[in-house]
Amino acid sequence: MANKLTNGTTHGTGKKYFRSLDEVAQTPRFKEFLEREFPVGASEWLGASRRTVLKILGASAALAGLASCRRWPAEQLAPYAHRPANRSDGVPVHYATATEIGGVGIGLVAKSYDGRPTKIEGNVNHPLSAGASSTLIQASVLDLYDPDRSRNLYSHDKSGKSIIATWDEFIQASEKIPADGNGLVVLSEASRSPSIAALRKKLPQAKWFEYEAVSTDAQRAAAKKLYGRPLRAVPSIDKAQVVVAVEADLFAGDLDCIKYSRDFAAGRKLHASPDRSSTMNRLWCIESTFSNTGANADHRRGVKPSEVFTVAGALLQTLGGTPLESTKLDPSLRDFVQKLAADLEAHKGQSVLIAGARASADVHAITASLNELLGNVGKTVHYYADPEDPRSDTDWTPHSQQLQAFNDAATTADALLIIGANIAYTAPSDLKIPETLAKAKLSIHLGTHRDETARLCTWHLPQAHYLEAWGDVRTFDSTVSITQPLIEPIFGAKSTIEILSILSREKKSGYDIVRETAAADYLAGRFSEWNWKKSLFDGLVAGSARAPETIGKSDAFTILPAPSGGDLELTFITDKLHDGRYANNGWLMELPDPMTRLTWDNALLISEADAKKRGIWNNEIVTITVGSTNLDATIFVLPGQPVGSVALALGYGRTSAGSVGNAVGTNAYLLRTSSNYLYIPQVTLASTGRKNDLASVQDHNVIDAVGAKRKKALIPELVVEGTFADYVHKPALGTRKVVSLSMFNEHKYDQGHKWGLAIDLTTCTGCSACVIACQAENNIPIVGKRQVLGGREMHWLRIDRYFKHEGDHTQALHQPVMCFHCENAPCEEVCPVAATTHSDEGLNMMTYNRCIGTRYCSNNCPYKVRRFNFFDFNSGTIENQYIPNLLRAEKSELIHMQKNPEVTVRSRGVMEKCSYCVQRIEGARIKLRAENRATANDARIADGSIQTACQQSCPTGAIVFGDLNDPHARVTKLHALAQSYGLLDPELNTKPRTQFLAKVRNPLPDLDAELYRSEDEAEGFYWQHTEHSATPPAEHSHPDDHSHSASSASTPHSAH
Amino acid sequence: MTALPLDKLTPPRPRDVEIDNTGNDPAQRAVLVTGSAGSIHQVTERVCAVWEAPKPPRAWYIAFGIANVFLMILGAMIGYLLFTGVGVWGLNRPNMWAFDITNFVFWVGIGHAGTLISAILFLFRQKWRTGINRFAEAMTIFAVVCAGTFPGIHVGRAWLAYWLAPLPNQMGMWPNFFSPLLWDVFAVSTYANVSILFWYMGMVPDLATFRDRAKTKLKFMIYGLLSLGWRGSNRHWHIYEKAYLLLAALATPLVLSVHSVVSFDFAVSQVPGWHTTIFPPYFVAGAIFSGFAMVITLAIPARNLFGLKQFITLRHLDNMAKIILVTGCMVSYAYLLEFFIAWYSGSPFEQFHFMNREFGNMWWAGWIMFSCNAIVPHLFWFKWCRQNQFALMVICLLVNVGMWFERFVIIVVGLTRDFLPSSWHNYMPTYVEILTLAGSFGLFFTLFLLFCRFLPMVAMAEIKAVLPEANPHHHHGPPQSHPEDLAVSQH
């Protein structure tokens, strides 16, 4: 370089430029400057010998070689040169949005980190969710990142082979359908979207049908029969003192479960009035299986599905309604019905009867007329119309008949459009829907997955997730919420309204469609940019709720025929997968069922008596035979399952669900026909001799006599329970309080916070929304069936379920268990590397980076709430866990987008557990400090400003988190209540910071007395477990089991 | 004193005959070395013969081959574990420990007999120890090697297992000194160090003998290095004896402390069946019990295979059987006391645990433990059982099985059903765990067989010190019949 410069100045022929006079003059100083690479003053290394230089060179080369052993991944950085307004990287933003499941709109708030929605909560302002959520809502965010979601359009080429297509090709192909929809037959999933209703009018010639495999259409059918219009009955449980659930899954299965749970809990908030002056509602339950609602009932009777009608009819008759054809009632039920009738009679206008999705239209008619008879209509029950329903009031038919009508129309149609509904899978088997679809020349399927139906259609279009597209929904009182997208469609999918707009040749964007609908419909006359934005911001359109319909007296009640029944009836139930559309959602698939605690399977639920009679037991595969149809299912003996009734959940046995949902469980739809739509009146079971290990998270072992005896003695100490009558006099209800001296220097919390949690077992329904909320918030992986069978599920929060069995009656209750953050934490003492420690705010903290995985903490934890990463559950798939990390394929990147960046994603070999959502605590602290810099040291986090994820999702408000150092905090007040207790605290002196409030039920004093005997005379709980070696309890306590009549039930049994 | 057969420079290899020296004549001490081996020169010849033989017996090759296969299996299983995760084992919640810690405690227990023989019996001047101490110590060290493997590999992130050690680090992070697992690290590592030191130091004079008899340059160099310049001078012996005594004094408390500390892993926790104060003495007794059973298990094949019947005599076996009987009684007492205390404590969790141990889901494990450890050793009340090698082998193997199950029962049965019935869960091992256990025996026997071949199996220098020649009684006391006569008479 030096030479070049020199040449340039002395020998060049071009123009001569120079940098300084020194250069021109070639002064010695300039020459030296050129010679020396570095200017004077830069340090020089003097005195190094040749050998030293060589040594250093060699060492540098060697070290450089070492450093190069690690190959760093190439990264591209794209920093924001200009930050968008109101946006800080890493700071989450919340948007109001909404979703619709089965025609029920739910207002939500989605949390988004840097453009990735990661967590869904209920919208506090929304009348349905009111800030809480359900399992389906919590899990819905995972669907957005489902790697099996359809990523492409598919069409058939000339040879009928499926090929990947483009949207332009589809638009071109769709032009074969006339713009007015002539010749088009549409089958849609249920939707009350005003925009869809508006777009439907733009396809006036199209025939439109609606189908939901699981819906409460029977209720509307009953209303049509009674009042002439297919109205929806919306109960207000919070205004009722007596609640009767008939075949209804109020708290976990029903789509309105968030509202039902909240309203139910409103009548059970005993701690709201510490002077014990409050009243308590009473829940009665009549059902054909043992559901989560039955577990929460104060009085419950399980009967065969056909007998539900008989019981409801007898009730109607007792209360002075129309006599029914069938009055045959089992004597053991007569007493129950009379007492129920008396209770209803005493609470006229303050009671409500609710029939659910499993109940027939006739049963719905009975409950509706009972509500009318008791003067509940307008008080605890309101009727609403559904103008958005594609079926007009006059020729309205329920979903069960809509599919039949579609099937007929499809044969003459030019084109079929199927929106969302997976009818090839969910349709009653006698309709032969797959054949209809196969025959169609042009069939278009719009769905999130390339499912069973998609594979039979000539076109498959990927449907946008609700977080990807604009839309609008209506909820139970018709309040409108606008679905606001948070992310561009990941795979270029389109929403239903966009597809309908393509078919009507308008090809508008979803945003324009929704805005237009708003201007023309729910914001009509008051549409302005302000109102639009306010509606988006609030998550609902103010004033869009409709008034309840006023109904007259019902038409004369025609005498209903009693349904036929057999000696073994099969009822179809729905669980966490709803109708099967969530089968590929790993969180839901691995969510333990509230009653069976099963994951990764649907089992045939059967009573102990029925199982013993047939010589079959848990895990055995049986063949269910209905006429000429056979289906194999695995047996699960459920305590409390009515004798003569078996139940099988819909939604399993999918073939094209995806990597999670394929070939899991049994496809109950294969047994469902149009005539046996709700239940099958006669099935026979035959053992196949094969077995399928059911992955239950609670009953991992065969219970021998020793273990069973111990459980029986132990469980009453773990879950303290009492009646409302006892509670009024003696609120402690058998909770034991101990003041134990400690040899430790106890932690002092003179200043600052001292976190604690309270869980009210009275209002906890076991719905499990908290379990999924925790999973979503804390990046908890799923582990797969094999690992669940091995006892390695990772849920930080589990819901223990215990049965109580006395006489003929079985009760169940739920107890959420997560880390209790013990003051004397057994785990902390034994960790050799101090990876789990106590914080100065009382948290039992887990330092993942420090954990080496000795697992001693878990051994020493009496509650077994710690979870260990036996494998690298966060990478790889559930199939390749046993393959060494280096050799296996990694998990789809897409799944990682859901992860909450505020919570470490744990690697293999470390322990993890509930942290009381420490990231939320710190978030609140940071926010407080930022807002309140001057007084940051003095400022305390106010009560209520932190909600743990489980607390936030809980629809009944059973979970309360707060600062125990704050005497006014809700949690402090709850801990101070007499019925508050710490699990195993008297035995182990662990001083848990999470305390339970004892479960209070409100039975009648003279019914089911043996279940509610006071502590002294009771034999205690019986863990009636369902294993070969378990001795049936009834044989112990009541040798005269069969002669045990209802009349004797009113007399409390003396202790045996 | 009779003349020694020193003039026979190349004596024909004497037959290794079984001589019954178990008789108890109160007038006369029983001989410690029997038969033709009972001369100073013969001791050297006999012991070195094993090493100097051009080829070991064929049985050695077979045994070494099998042991090596299992060693390779161990390597494969550990590799699979480390590259995949602890999930390849059958562990679950609540059974976070099972085979791993069972094997650890089992092997640590085995490792007790050696140091007990070398240190405690040395301090108590039990001269019969000399015949068996060398290979018992070797067994100790190899058992500790096996034991040390398990805590290292059982942790979830084995590559960070060194965090258990109190190493200075940039985080300023110390281990948790409250944790019994940390005490384990100190106890076991100290024990391993002292045992190795003790073993090696005791071997120095014998290594020098090997050096002096080495026929090849390589052997001469290796044994020369190992023998630390030992010349057998008076001054050497003086210092050696002093150091040996001091080390014995140092090792003695360790025999008691190491298994006490290991028992704290359980005793300090609050799991029913673990949380008990009887564990330290109970574990130590159990360790000696199993350790001696293992010494006998190894001694019987070794003495038959390598011609050492006259050093490891029937009397040695008889003595060890008696120790097994004593410690077995202590273990039985502890078992019964556990039941009593469970009842007496009034704690329903404890009461349930002990009911469950014998009659619950894993009753079979409880009964294997009880019958092998508390019933079978009582056969040693019969002299025949103490002296019949076949009976000894069978009983000692059963004791070892029983002691493995003891740890399994304590750990697994305690964990499967502790406090909340909702978390109860059975445990089943996977093939990986079973093969890892089998593989650890491969490691043990590989090391032991190498020891037999390349190191002095019997402490020559020490044996010589207990021969009658080493303790001359000039014209005092009754005339001693020379063992040689006995041997000759049996020819």
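A note on names: the letters A, B, ... follow the listed sequences, proteins ahead of strands, and every chain is numbered from 1. We use all heavy atoms of the structure for the numbers below, so side chains are in, but hydrogens, waters and symmetry mates are not.
- A cation-pi arrangement is found for A/R906 relative to A/Y848, the charged atom lying closer than 6.0 Å to the ring centre and inside a 45° cone about the ring normal.
- Top candidate by heavy-atom pairs under 4.5 Å with chain A, chosen from B/Q351, B/M173, B/M355, B/H275, is B/M173.
- In this structure, A/D800 pairs ionically with A/R597, as a charged nitrogen and a carboxylate oxygen lie closer than 4.0 Å.
- For A/N849, the part lying near chain B is the backbone, with the side chain staying farther off; criterion is any non-hydrogen pair under 4.5 Å.
- Residue with the most contacts toward chain B among A/Y882, A/Y856, A/F868: A/Y856 (heavy-atom pairs, distance under 4.5 Å).
- No part of B/Y162 comes within reach of chain A, as not one of its non-hydrogen atoms sits under 4.5 angstrom from that chain.
- We find the CZ-CZ distance between A/F873 and A/F870 to be 7.5 Å, quoted to the nearest 0.5 Å.
- Per-residue counts of heavy-atom pairs under 4.5 Å with chain A were compared for B/S347, B/P151, B/G360; the largest is that of B/G360.
- Both the backbone and the side chain of B/F349 have a heavy atom closer than 4.5 Å to some heavy atom of chain A.
- Using a 4.0 Å cut-off between charged side-chain N and carboxylate O, A/R786 and A/E879 make no salt bridge.
- Most heavy-atom pairs under 4.5 Å with chain B, from the set A/V910, A/V833, A/T854: that is A/T854.
- Across B/G79, B/P175, B/G87, the residue that shares the most heavy-atom pairs under 4.5 angstrom with chain A is B/G87.
- Of the two parts of B/M171, only the side chain, counted from C-beta on, holds a non-hydrogen atom closer than 4.5 Å to a non-hydrogen atom of chain A.
- For chain A, the nearby part of B/L81 is the backbone; its heavy atoms alone come within less than 4.5 Å.
- Both the backbone and the side chain of A/I852 come within contact range of chain B, each with at least one heavy atom under 4.5 Å from a heavy atom of that chain.
- Between chain B and the residues A/N860, A/V830, A/N869, the largest count of heavy-atom pairs under 4.5 Å involves A/N860.
- Proximity to chain B is limited to the backbone of A/I883, based on heavy atoms less than 4.5 angstrom apart.
- For B/W363, no part sits under 4.5 Å from any heavy atom of chain A, backbone or side chain.
- Between B/R157 and B/W163 there is a side-chain heavy-atom pair separated by less than 4.5 Å.
- For B/F106 and B/F408, the ring centers are positioned 6.0 Å apart or more.
- Applying the side chain to side chain donor-acceptor pair (under 3.5 Å) test to residues at least two apart or on different chains, the pairs with a partner in residues 166-192 of chain B are B/T115-B/Y191.
- Aromatic ring orientation, A/H838 versus A/H747: parallel (interplanar angle below 30°, classes split at 30° and 60°).
- Interface remark: B/L91 contributes backbone and side-chain atoms alike to the contact with chain A (heavy atom separation under 4.5 Å).
- Interface residue A/E987: only side-chain heavy atoms are found under 4.5 Å from chain B.
- If you measure heavy-atom distances from A/S907 to chain B, the contacts under 4.5 Å come from the side chain alone.
- Ion pair A/E793/B/R93 flagged as a salt bridge, since at least one NZ, NE, NH1 or NH2 atom sits closer than 4.0 Å to an Asp/Glu carboxylate oxygen.
- Remark: A/Y863 OH to B/S422 OG distance equals 12.0 Å, nearest 0.5 Å.
- Ring geometry, B/Y80 versus B/Y431: the interplanar angle falls under 30°, so the pair is classed parallel (tilted spans 30 to 60°).
- Annotation: maximal heavy-atom pairing with chain B below 4.5 Å, among A/R888, A/Q881, A/R867, occurs at A/R867.
- Note that the CG atom of A/L598 and the CG atom of A/L591 stand 11.5 Å from one another [nearest 0.5 Å].
- For chain B, the nearby parts of A/R850 are the backbone and the side chain; heavy atoms of each come within less than 4.5 Å.
- Only the backbone of A/E828 has a heavy atom closer than 4.5 Å to any heavy atom of chain B.
- Contact count versus chain A (heavy atoms, under 4.5 Å) is highest, among B/V268, B/D265, B/V185, for B/D265.
- Between A/D985 and A/K991 there is no salt bridge, since no side-chain nitrogen of the basic residue lies less than 4.0 Å from a carboxylate oxygen of the acidic one.
- A side-chain donor from one of A/R866 and A/T836 sits under 3.5 Å from a side-chain acceptor of the other.
- Proximity to chain A (any heavy atom under 4.5 Å) is shown, for B/P348, by both the backbone and the side chain.
- When the candidates B/L164, B/L182, B/I101 are compared by the number of heavy-atom contacts under 4.5 Å with chain A, B/L164 comes out ahead.
- Ranked by non-hydrogen atom pairs under 4.5 Å with chain A, the options B/F83, B/W97, B/F178 are led by B/W97.
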